[in-house]
Number of protein chains: 2
Amino acid sequence: MAQKQPDPPRPTDAELEILTVLWSRGRSTVRDVHDAIALRKPTQYTTVLKTLQIMAEKGLVRRDEEQRAHIYEASRPREWTQSQLAADLLQRAFSGSAKSLLLGALSAHKVSREELAELRKFLEEYEKGTR
Amino acid sequence: MAQKQPDPPRPTDAELEILTVLWSRGRSTVRDVHDAIALRKPTQYTTVLKTLQIMAEKGLVRRDEEQRAHIYEASRPREWTQSQLAADLLQRAFSGSAKSLLLGALSAHKVSREELAELRKFLEEYEKGTR
DNA sequence: ACATTACTACGATGGCATTCGTATGTCAAG
DNA sequence: CTTGACATACGAATGCCATCGTAGTAATGT
């Protein structure tokens with residue numbers, strides 16, 4: 001019987017950055033992750049390593065130790081974690097009002113007309129789906 | 001000439017909770033804030049006091065020391081801070097995709113049919129506004 | 001006048017996040 | 001075999017967050 005793993009805690013800023021790399025690259029070595037992150041921000045290799053080790057303890061990532069260079073992967077899919085984060089902020093800062101959240105996002109971060117239309121379409125579809 | 005205050009940093013969890021009280025109550029004493037928070041969560045008075053003092057240092061709140069019981073108020077309106085937080089999460093976790101953010105929020109936090117309709121209306125209006 | 005209550009200030013603690021340096025082990029090239 | 005490149009492990013420094021206890025002081029009630 002498959003054991004249900006407990007929900008990992010909310011990732012911190014540095015952890016989220018690493019998760020982003022793992023989500024887009026898939027299974028990766030520490031070096032892979034470090035290289036990707038070092039492009040945008042000077043970072044020591046061991047810093048990434050240590051953070052990944054901690055993330056493994058927390059259950060945010062899984063580690064495959066078969067090879068000498070261990071291989072890491074996110075233990076939860078991107079969508080799941082994003083959902084957690086969105087719901088968390090929704091509660092903490094918006095008292096559960098999805099409308100306020102959307103308003104806040106739109107007013108600070110200008111989105112293109114195209115994305116706006118997409119957004120509306122998505123919402124219409126979603127509304128149909130729950131009818 | 002009015003000095004432009006620097007943007008206060010992103011509020012922490014405890015700080016956000018206090019800000020929420022200040023936004024809904026307006027100018028408040030430490031006691032007011034404490035009473036409001038203690039309803040949902042056992043908290044020492046001095047914990048709230050200390051946090052408010054730190055928030056004042058950071059510029060998250062303003063303090064009026066005229067009376068013996070100092071009076072605090074949020075230095076930024078709710079909408080402004082919410083915007084910051086939404087935009088921050090949008091960047092950090094959603095690579096700027098407002099659609100993903102909305103999808104995440106909706107999939108974790110079930111919203112009523114009414115709110116969904118409201119949301120759609122709001123989006124339509126917003127779209128008109130930027131045309 | 002004295003005791004009680006209400007307030008601020010502040011130090012201290014424990015925990016976590018982030019970062020880095022160093023130690024140590026493995027492997028392959030010369 | 002020795003060296004250099006590359007890997008993990010891990011201790012430690014630093015700083016912030018959240019919390020609380022204590023001290024000191026002003027106001028209030030008896």
Side-chain angles (χ1 to χ4, degrees), chain A residues 6-22 27-73 81 85 88-89 92-93, chain B residues 6-22 27-73 81 85 88-89 92-93:
Chain A
D7 281 359
R10 170 151 58 103
T12 67
D13 286 4
E15 288 167 351
L16 187 53
E17 217 170 317
I18 288 179
L19 283 176
T20 300
V21 173
L22 290 178
R27 296 166 53 84
S28 307
T29 64
V30 178
R31 179 133 322 261
D32 292 332
V33 175
H34 172 256
D35 288 353
I37 287 186
L39 289 180
R40 305 188 299 93
K41 170 182 163 183
T43 308
Q44 287 304 115
Y45 176 87
T46 57
T47 299
V48 175
L49 169 65
K50 177 74 163 187
T51 305
L52 274 166
Q53 287 168 345
I54 292 171
M55 290 170 77
E57 279 174 20
K58 292 185 185 175
L60 286 168
V61 297
R62 267 191 300 270
R63 174 163 65 171
D64 173 358
E65 311 187 355
E66 284 306 299
Q67 312 300 325
R68 184 162 86 97
H70 300 171
I71 297 191
Y72 292 85
E73 67 182 328
T81 301
L85 289 170
D88 174 71
L89 187 67
R92 285 207 340 276
Chain B
D7 280 358
R10 170 150 56 101
T12 66
D13 286 3
E15 288 166 353
L16 187 53
E17 218 170 311
I18 289 180
L19 284 176
T20 300
V21 173
L22 290 179
R27 297 166 51 86
S28 307
T29 64
V30 178
R31 176 127 333 252
D32 293 332
V33 175
H34 172 256
D35 289 353
I37 288 187
L39 289 181
R40 304 188 301 94
K41 171 181 161 183
T43 307
Q44 288 303 116
Y45 175 87
T46 57
T47 299
V48 175
L49 169 65
K50 176 74 163 185
T51 305
L52 273 165
Q53 287 168 346
I54 292 172
M55 291 171 77
E57 278 173 21
K58 292 186 185 175
L60 286 168
V61 298
R62 266 191 299 270
R63 174 163 65 171
D64 174 358
E65 311 187 355
E66 284 306 299
Q67 313 299 326
R68 183 162 87 98
H70 299 171
I71 296 189
Y72 291 84
E73 68 182 328
T81 302
L85 289 170
D88 175 70
L89 187 66
R92 284 208 341 277

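Bear in mind that the values here come from a model prediction, so they are computed numbers and not experimental data.
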What nucleotide among [options] has an atom nearest to a side-chain atom of [X]?
{"X": "B:Thr12", "options": "D:dC17, C:dG21, D:dA9", "value": "D:dC17"}
{"X": "B:Gln53", "options": "D:dA9, D:dT19, C:dT8", "value": "C:dT8"}
{"X": "B:Arg68", "options": "C:dC7, C:dT18, D:dC20", "value": "C:dC7"}
{"X": "A:Thr51", "options": "C:dT8, C:dT19, D:dA9", "value": "C:dT19"}
{"X": "A:Thr46", "options": "C:dA12, D:dA9, D:dA7", "value": "D:dA9"}
{"X": "A:Val30", "options": "D:dT19, C:dT8, D:dT8", "value": "D:dT8"}
{"X": "A:Leu49", "options": "D:dA12, D:dT8, C:dT18", "value": "D:dT8"}

- Which sits closer to the 5' end of DNA chain C, B:Glu65 or A:Thr43, going by the nucleotide each is nearest to?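 Nearer the 5' end of the strand: B:Glu65.
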
- Residue that, paired with A:Tyr72, satisfies side chain to side chain contact (heavy atoms under 4.5 Å, CB included) out of A:Leu60, A:Leu52, A:Thr29, A:Asp64: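 In the set A:Leu60, A:Leu52, A:Thr29, A:Asp64, the residue that makes a side chain to side chain contact (heavy atoms under 4.5 Å, CB included) with A:Tyr72 is A:Leu52.
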
d([atom1], [X]; [atom2], [N]) in whole Å:
{"X": "A:Glu57", "N": "D:dT8", "atom1": "CD", "atom2": "C1'", "value": "14 Å"}
{"X": "B:Glu66", "N": "C:dT8", "atom1": "CD", "atom2": "C1'", "value": "16 Å"}
{"X": "A:Asp64", "N": "D:dA7", "atom1": "CG", "atom2": "C1'", "value": "15 Å"}
{"X": "A:Ile54", "N": "D:dA9", "atom1": "CD1", "atom2": "C1'", "value": "12 Å"}
{"X": "A:Arg10", "N": "D:dC17", "atom1": "CZ", "atom2": "P", "value": "13 Å"}
{"X": "B:Leu52", "N": "C:dC7", "atom1": "CG", "atom2": "C1'", "value": "13 Å"}
{"X": "A:Asp32", "N": "D:dA7", "atom1": "CG", "atom2": "C1'", "value": "13 Å"}
{"X": "A:His34", "N": "D:dT8", "atom1": "NE2", "atom2": "P", "value": "12 Å"}

- Residue whose closest nucleotide on DNA chain D lies nearer the 5' end, B:Lys58 versus B:Thr47: B:Lys58

- For D:dA7, take OP1 and OP2 only and decide whether either is under 4.0 Å from a side-chain N or O of A:Arg31. yes

- Task: Check whether any side-chain N or O of B:Tyr45 sits under 4.0 Å from OP1 or OP2 of C:dT8, and answer yes or no.
- Result: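 The answer is yes; a side-chain N or O of B:Tyr45 sits under 4.0 Å from OP1 or OP2.
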
Side chain proximity check, [X] to [Y], heavy atoms < 4.5 angstrom:
{"X": "A:Leu85", "Y": "A:Arg10", "result": "yes"}
{"X": "A:Leu19", "Y": "A:Met55", "result": "yes"}
{"X": "A:Glu17", "Y": "A:Thr43", "result": "no"}

- Message: Given 3.5 Å as the limit, does a donor-acceptor pair link the side chain of A:Thr46 with the main chain of A:Gln44, or not?
- Response: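 Not confirmed, A:Thr46 side chain does not pair with A:Gln44 backbone.
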
